[in-house]
Amino acid sequence: MNEPGVADKLKVLLPHWIEHNDRHVAELRRWRRALHDQAPLAASMMDMAITQMEDAGRALAATARELAAKETCRGVHPRAV
């Protein structure tokens, strides 16, 4: 996937994916609270899923930061990229 424009496309897509993931995490937290008294083990398992989704969000944000840093470097030192 070294075609031109991939980084530019991802700069648009990544913020959307991050926001979308954050909405899912918030919704899972609401359901987890509702589930807590009825099925504590299931609620605990949902906690694991929430943690993994939060990790995914951090990885997506790190990807976005890396792409932004590469863009900054390209403007200053074109051969450094």
Side-chain angles (χ1 to χ4, degrees):
M1 267 187 111
N2 278 339
E3 68 186 45
V6 170
D8 291 332
K9 291 175 186 176
L10 285 174
K11 286 177 190 172
V12 173
L13 289 170
L14 283 165
H16 167 74
W17 291 338
I18 292 165
E19 180 182 334
H20 187 84
N21 189 60
D22 289 346
R23 286 194 308 265
H24 280 299
V25 168
E27 185 70 13
L28 284 173
R29 284 187 180 131
R30 285 190 287 277
W31 281 104
R32 189 251 178 247
R33 284 191 297 272
L35 188 60
H36 177 70
D37 292 334
Q38 295 176 20
L41 181 57
S44 177
M45 296 169 94
M46 191 173 281
D47 281 336
M48 291 182 350
I50 290 167
T51 298
Q52 291 171 347
M53 290 181 76
E54 290 171 334
D55 289 344
R58 284 189 286 275
L60 291 171
T63 303
R65 286 191 303 273
E66 176 64 18
L67 288 174
K70 290 255 182 224
E71 184 67 26
T72 300
C73 289
R74 190 174 313 160
V76 178
H77 302 289
R79 294 184 186 194
V81 176

Chemist: Can you measure from CE (M53) to OG1 (T51) and round to the nearest 0.5 angstrom?
Modeler: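 Result: 11.0 Å between the selected atoms.
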
Chemist: Tell me every residue that passes ring pair (Phe, Tyr, Trp, His ring centres under 6.0 Å) with H24, counting only those two or more places apart in sequence or in another chain.
Modeler: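 Per chain and number, H24 pairs via ring pair (Phe, Tyr, Trp, His ring centres under 6.0 Å) with H20.
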
Chemist: Could you tell me the separation between the CG atom of N21 and the NE2 atom of H16, rounded to the nearest 0.5 Å?
Modeler: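 Interatomic distance, N21 CG to H16 NE2, rounded to 0.5 Å: 11.0 Å.
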
Chemist: Give a yes or no on whether a salt bridge exists between E27 and R23, defined as a side-chain N under 4.0 angstrom from a carboxylate O.
Modeler: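 No salt bridge links E27 with R23.
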
Chemist: What's the shortest heavy-atom distance between L35 and M46, and which atoms?
Modeler: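 Answer, listing the atom of L35 first, then M46: CD2-CE, 4.3 Å.
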
Chemist: Hey, could you give me the CG/CG distance between L14 and L67, rounded to the nearest 0.5 Å?
Modeler: 6.5 Å

Chemist: According to a 4.5 Å side-chain heavy-atom criterion applied to Ile, Leu, Val, Met, Phe, Trp and Tyr, with indirect links allowed, do W31 and V25 form part of one hydrophobic cluster?
Modeler: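 Yes, because W31 and V25 connect within a single hydrophobic cluster, where side-chain heavy atoms sit under 4.5 Å apart.
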
Chemist: Atom NE2 in H36, atom OG in S44: separation rounded to 0.5 Å?
Modeler: 10.0 Å

Chemist: To check you understand the geometry: which heavy-atom pair defines the closest contact between R32 and D47, and what is its length?
Modeler: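 Closest approach of R32 to D47, heavy atoms only: NE-OD1, 2.6 Å.
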
Chemist: State the CG-CG distance between D8 and L13, to the nearest 0.5 angstrom.
Modeler: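 One gets 11.0 Å once the value is rounded to the nearest 0.5 Å.
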
Chemist: Can you run down the salt bridge (Lys or Arg N to Asp or Glu O under 4.0 Å) pairs that involve residues 37-46, sequence neighbours left out, and say none if there aren't any?
Modeler: none

Chemist: Hey, could you give me the CD1/CG distance between I50 and D55, rounded to the nearest 0.5 Å?
Modeler: 12.0 Å

